[in-house]
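This chain uses plain numbering: 1 for the first residue, then up along the sequence.
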Amino acid sequence: MTGSRELPDDAAADGGAGAAVPVRGARRAGPAPAGIAGEASAGVAGVARTAAGLARACHPGPAVAVTTLVTVLVAVAGWGPAGTALTALAVLTGQLSVGWCNDAVDDARDAAAGRTSKPIVAGLVSARTVRVAAFAALAACVPLSLACGVVAGATHLVAVAAAWVYNLWLKGTAVSWAPYAAGFGAVPVFVAAGTPGHGLPVSPPAWWAVLAAALLGCAAHLANVLPDIETDVATGVRGWPQRLGPARVRVLLPLPLLAASALLVVAPPGPAGPVRWLALAGVAACAAAGLLLARRVPVAPFAAAIGAAGIDVLLLAATSGVVTGG
């Protein structure tokens, strides 16, 4: 279904009936304001319903999590208030565009699967409105990204483009992990390219930082898809996690989380102090919690992945040699 599914609007119907009452004198003029008020109330309710639908369709959890993690990283890396604010806006608009694109593309599959939790299927917002919002956010993301610096902006736009390619094409293929790895792996490059004091040519980030971020992307892909694997398979989506199946994904999910964290502990130059080992223990605890709670709490693996990613972002920010290769 690609058309609008507007909910019945009794208030609008009441307004129309009120407006249809003939006016033949001062005593008959009373119903008109009530009709106008009803129409205004219906209009406000419609706008509120659409706004709520868009807020749900943007995948608010991942959007807020990714925006927060990247913003914290650039703030600690020394971008300053202006650069940090630009980063937050650029990443947020990129994430909004990706989330809205995803729901617009999946509209027919969501309807076929009876996913009434999806705002388009529930009739809160039309697929057309979500598509328009996706392109509007993407249009805003371009200048905001480039305002962070040409190289940094181009890097972020490549990551956003990879996410759109996932939505439009790679989601149902065996390489569905690749856009996630590319998008997350671009984060250290983005930070290195935009950090003040690093002019052209931009010093590359540490290889282990890029690899660790890419592994976190793979983990995020597994965690994000896990709750919907069975429904996805029923509607013909055959990406990497769907081919593995939920049982294998639950077992596999902790591995990239632990591998990424281990890289951040042992790969940087110098001895790994107690803080790094403590961080690795924290990631292991997150991974274990996600694995143990996955069956009873469908969002647990994703929450665990975000928790592990948060710990790893702090490790990245606190470790020398991330921004400049070494």
Side-chain angles (χ1 to χ4, degrees), residues 1-21 29-71 85-144 160 163-164 167-168 224 227-228 231 235 297-299 302-303 306:
M1 304 179 190
T2 56
S4 172
R5 301 179 189 80
E6 296 296 336
L7 297 177
D9 201 332
D10 294 336
D14 291 342
V21 175
I36 294 172
E39 292 174 0
S41 176
V44 171
V47 170
R49 185 170 60 244
T50 299
L54 287 173
R56 286 172 54 184
C58 74
H59 297 215
V64 171
V66 172
T67 301
T68 300
L69 292 175
V70 178
T71 302
L86 275 173
T87 294
L89 291 173
V91 175
L92 178 60
T93 52
Q95 289 299 305
L96 290 175
S97 78
V98 171
W100 284 327
C101 172
N102 185 278
D103 264 29
V105 169
D106 286 350
D107 174 35
R109 282 193 292 263
D110 290 337
R115 289 175 173 168
T116 55
S117 61
K118 292 289 188 177
I120 297 178
V121 178
L124 292 176
V125 64
S126 70
R128 179 181 181 277
T129 299
V130 175
R131 282 195 296 270
V132 170
F135 282 107
L138 183 63
C141 178
V142 174
L144 287 169
V160 172
W164 274 68
N167 288 337
L168 298 173
N224 195 39
D228 299 322
T231 305
T235 54
V297 185
V299 299
F302 182 77
I306 292 301

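Taken to the nearest 0.5 Å, the CZ atom of Arg115 stands 9.5 Å off from the CG atom of Asp103. In this structure, the separation between OG1 on Thr87 and CG on Leu92 is 12.0 Å, given to the nearest 0.5 Å. Distance check: Asn102 CG to Cys58 SG gives 11.0 Å after rounding to the nearest 0.5 Å.
Side-chain atoms of Arg109 never come within 3.5 Å of backbone atoms of Thr231 as a donor-acceptor pair (strictly under, hydrogens ignored).
Each of Leu96, Val98, Thr93 was checked for a side chain to side chain contact (heavy atoms under 4.5 Å, CB included) with Cys141, and the lone residue meeting it is Thr93. Looking at Val70, Leu69, Thr68, Val64 one by one, the single match for side chain to side chain contact (heavy atoms under 4.5 Å, CB included) with Val66 turns out to be Val70. Partner of Thr129 under the side chain to side chain contact (heavy atoms under 4.5 Å, CB included) criterion, chosen from Leu124, Thr50, Ile120: Thr50.
Taking each heavy atom of Pro62 and Gln95 in turn, the nearest pair found is O-OE1, 4.2 Å. Listed here is the closest heavy atom pair of Cys101 and Leu168: SG-CD2, 4.3 Å. Closest non-hydrogen pair, Leu144 versus Leu86, comes out as CD2-CD2, 4.2 Å. Ala88 approaches Thr67 most closely through the heavy-atom pair O-CG2, 3.6 Å. Residues Ala104 and Arg131 come closest through the heavy atom pair CB-CG, 3.4 Å. Ala134 and Trp164 make their closest contact through O-CZ2, 3.9 Å (heavy atoms, listed as atom of the first residue, atom of the second, distance).
When side chains are defined from C-beta on, Pro227 does not count as touching Phe302, because their heavy atoms never get closer than 4.5 Å.
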